[in-house]
Amino acid sequence: MTAGKNTPLARPRGTRDLLPAEMKRRRFVESRLRDVAERWGYQEVATPAFEPLELFTLKSGEAIVDELYSFTDKGGRPLALRPELTAPVARLYVNELQSAPKPLKLYYFGDCFRYERPQSGRYRQFWQFGIELIGSALPEADAEVIALAQRMLRSVALDVDMHVGSLDVLRVMFCDLDDETCALAMRLIDKGDFDRLGELPGGDRAIDLITAEDPLSEAQNFVALDHLLRVLELLDTLAVSYTVDFGIARGLEYYTGTVFEAYAGTLGAQNQVLGGGSYRLSHLFGGQEVPSTGFGIGFDRIMDAVNPSVPEPPRLLVVPTGDARIYALQVANELRSRFVTDIDVMGRSVRAQLTYANSAGFDYAIIIGKKEMETSKPTLRNLKTGEQESFSVQQIIDRVLSSVEVSQPSR
RNA sequence: GCCGAGGUGGGGUAGCCUGGUAAUCCUAUGGCCCUGUGGAGGCCACGACGCGGGUUCGAAUCUCGCCCUCGGCCCCA
């Protein structure tokens, strides 16, 4: 849509306005994810929305500039809106936390920006929730991160297929190839393009491995799998369900071994909701090399895949008549310390206020006129049942509280 | 960047093929009927042809370009 004489200014392409109902769902899911991450000992960090352009080109190569929102600021600095959060967190680690006690367990939730063609489950501004476990190269670290990933997704009742693989095997199979062919092979594997993969030297072996009935024993013909086997053993102990999948390549050089992805069957073409692995990045940004494992959750994608039942606290509307407005405001203020409480700002009649209360979905009306003011006993009207009676403010609080316990017994 | 389907008040729609008077209906929103008791009803108000060019006496309608949305491809850190 182009802004014209009668057309309103449009939102930028690939972005969304999030309305109250949707924000309730998002905040609810977000709080679940946070809760799980915190219980596992991870602590939140936040990084700037924009970073030096170089941060992302060092990590992913010059070619990604095409898919970045990049710009030069008034001081001539090349900057970019962050397209993901692993590199910023690695930079944060290098700048601030290198001498902190290991392991470092960090999580983040933030919006990212990519200049891509919008489609289902893909936006130009999107949110990632992720964690990074920094400091350990042990299978224990990989297993913890994968288990946490699955626990987080389960906490929002999202059933996914967790696929776990290892780049070690693929790298050994293609080790006799030059870097360029190796990179191409990785990309073809990631895409599942077996036709073109088969044309590469070693490609048939890779296809056999990826499609094998028992990929683990097939892989052991090429390389020792001690690390991966240990990770899987730990995952079994942690009751994580997974599929061994050597078809996960994740394209990038900085991944060191274990890689994993999760897919939600209910989504369309963009069905990957989570991806991660073990990696080393910090040395690229001027720090000491340090082993890390992490993942990112595509928050918008899981929002498309889940259907959370968000608890709705009761909503109260204080309904004053003209001569009791001041007292009604005082009552409203008192009720607000316990409940979601609203009061008319439209100057409406009592009738119109109650009409509004009904159509806006309030649970209770607190009607306050001269009579109620003189006795300090507002009338509490249950808008669902139509019952009403006069009570003191404290009695009103008790009444509403007890109704909450009745309607939401589990907590 | 590519392929396909679309775009009419805030939401949902009729009209388009076959150009023609004031663009249809539902809903939502604000007000009144009704300044102490809601959901109904009546009345009033509000509000749209995505943008621009072309054809024509006349374009929501035909045509071209662009923008945007949806689905898919490419890419996916």
Side-chain angles (χ1 to χ4, degrees), chain A residues 1-17 19 55-68 80 82-90 112-124 126 128 130 186-187 190-191 193 249-255 259 261 267-273 275-277 279 281 284 294-296 298 301 317 319-325 328 344 346-373 378-388 390:
Chain A
M1 192 184 290
T2 305
K5 49 184 192 280
N6 289 322
T7 45
L9 217 50
R11 163 172 30 92
R13 181 162 201 213
T15 62
R16 290 156 296 163
D17 293 317
L19 303 183
L55 179 64
F56 305 111
T57 55
L58 280 173
K59 175 181 178 239
S60 307
E62 290 294 332
I64 63 149
V65 175
D66 289 343
E67 306 200 324
L68 290 176
R82 60 190 180 193
E84 47 98 22
L85 281 159
T86 298
V89 170
C112 301
F113 306 84
R114 294 182 188 177
Y115 196 85
E116 293 183 295
R117 174 79 163 75
Q119 63 186 72
S120 178
R122 179 181 285 184
Y123 306 97
R124 288 184 170 180
F126 60 97
Q128 275 197 349
M186 290 294 179
R187 208 156 24 143
D190 199 37
K191 287 164 59 175
D193 187 344
R250 297 198 64 73
L252 293 165
E253 304 87 56
Y254 57 81
Y255 282 104
V259 286
E261 296 181 343
L267 297 176
Q270 314 296 329
N271 68 343
Q272 188 191 322
V273 296
Y279 63 90
L281 264 182
L284 295 178
F295 63 77
R301 289 188 188 171
L317 181 68
V319 176
T321 62
D323 43 4
R325 184 163 290 267
D344 174 67
M346 299 286 282
R348 286 179 169 127
S349 68
V350 170
R351 179 192 303 274
Q353 290 185 59
L354 287 167
T355 301
Y356 165 74
N358 181 63
S359 61
F362 283 86
D363 299 284
Y364 295 95
I366 318 296
I367 300 163
I368 299 178
K370 204 171 176 186
K371 189 175 66 195
E372 286 83 354
M373 182 167 58
T379 297
L380 175 68
R381 181 175 179 87
N382 182 323
L383 291 165
K384 308 299 177 196
T385 65
E387 295 168 307
Q388 69 176 47
S390 288

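Just so it is clear: chains get the letters A, B, ... in the order the sequence lines come, proteins before strands, and each one is counted from 1. Every heavy atom of this structure was used, including side-chain atoms; hydrogens, water molecules and symmetry mates were not.
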For nucleotides [N] and [M], find the distance between their [atom1] atoms and express it as a whole number of Å.
N      : M      : atom1 : value
C43(B) : C26(B) : P     : 11 Å
C33(B) : G39(B) : P     : 15 Å
G47(B) : G11(B) : P     : 15 Å
U69(B) : G12(B) : P     : 16 Å
A40(B) : G50(B) : C1'   : 39 Å

Enumerate all atom pairs, one protein N or O and one N or O from nucleotides 36-40 of chain B, separated by less than 3.5 Å.
unit_1 : atom_1 : unit_2  : atom_2 : d
G36(B) : O6     : K370(A) : N      : 2.5
G36(B) : O6     : K371(A) : N      : 3.0
G36(B) : N1     : E372(A) : OE1    : 2.7
G36(B) : N1     : E372(A) : OE2    : 3.4
G36(B) : N2     : E372(A) : OE1    : 3.3
G36(B) : N2     : E372(A) : OE2    : 2.4
U37(B) : O2     : R381(A) : NH1    : 3.4
U37(B) : O2     : Q388(A) : OE1    : 3.0
U37(B) : N3     : Q388(A) : OE1    : 3.3
U37(B) : N3     : Q388(A) : NE2    : 3.2
G38(B) : OP1    : R351(A) : NH1    : 3.2
G38(B) : N7     : R381(A) : NH2    : 2.7
G38(B) : O6     : R381(A) : NH2    : 3.0
G38(B) : N1     : L383(A) : O      : 2.7
G38(B) : N2     : N358(A) : OD1    : 2.4
G38(B) : N2     : L383(A) : O      : 3.1
G39(B) : O4'    : N358(A) : ND2    : 3.1
G39(B) : N2     : N358(A) : OD1    : 2.9
G39(B) : N3     : N358(A) : OD1    : 2.9
G39(B) : N3     : N358(A) : ND2    : 3.4

Residues in salt bridge (Lys or Arg N to Asp or Glu O under 4.0 Å) with [X], at least two apart?
X       : answer
D17(A)  : R11(A)
R301(A) : none
E84(A)  : K59(A)

Please report the distance, rounded to the nearest Å, between CG in L68(A) and C1' in C76(B).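 Between C1' of C76(B) and CG of L68(A): 12 Å.
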Starting at the 5' end of nucleotides 69-74 of chain B, put B wherever the base has a protein heavy atom under 4.0 Å, S where only the sugar-phosphate does, and a dash everywhere else. SBBBBB
Considering Watson-Crick and G-U wobble pairs with both distances under 3.5 Å, what does C75(B) pair with?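 Check on C75(B): unpaired, no WC or wobble geometry under 3.5 Å.
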Candidates V319(A), T321(A), L380(A) - the one meeting side chain to side chain contact (heavy atoms under 4.5 Å, CB included) with I367(A):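 Exactly one pass, corresponding to V319(A).
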What orientation do Y356(A) and F362(A) show, parallel under 30°, tilted 30 to 60°, or perpendicular over 60°?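 Rings of Y356(A) and F362(A): tilted, as their planes differ by 30° to 60°.
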If we ignore angles and hydrogens, is there a donor and acceptor under 3.5 Å between the side chains of T379(A) and E372(A)?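 Yes, E372(A) and T379(A) have a side-chain donor paired with an acceptor closer than 3.5 Å.
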Taking the six-membered ring of F113(A) as reference, does the NZ or CZ atom of R124(A) fall below 6.0 Å from its centre and within a 45° cone about the axis?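 Judged by the rule (NZ or CZ under 6.0 Å from the ring centre, within 45° of its axis), R124(A) is not positioned above F113(A).
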S359(A) has a side chain; which of U29(B), A77(B), G31(B) sits nearest to it?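 Output: U29(B).
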On a heavy-atom basis, which atom in Q119(A) and which in Q270(A) lie closest, and how many Å separate them?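 Taking every non-hydrogen atom into account, NE2-NE2, 2.6 Å.
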Pairs in or reaching into residues 347-361 of chain A: which pass salt bridge (Lys or Arg N to Asp or Glu O under 4.0 Å), with residues at least two apart or in two chains?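 Not a single pair qualifies under salt bridge (Lys or Arg N to Asp or Glu O under 4.0 Å).
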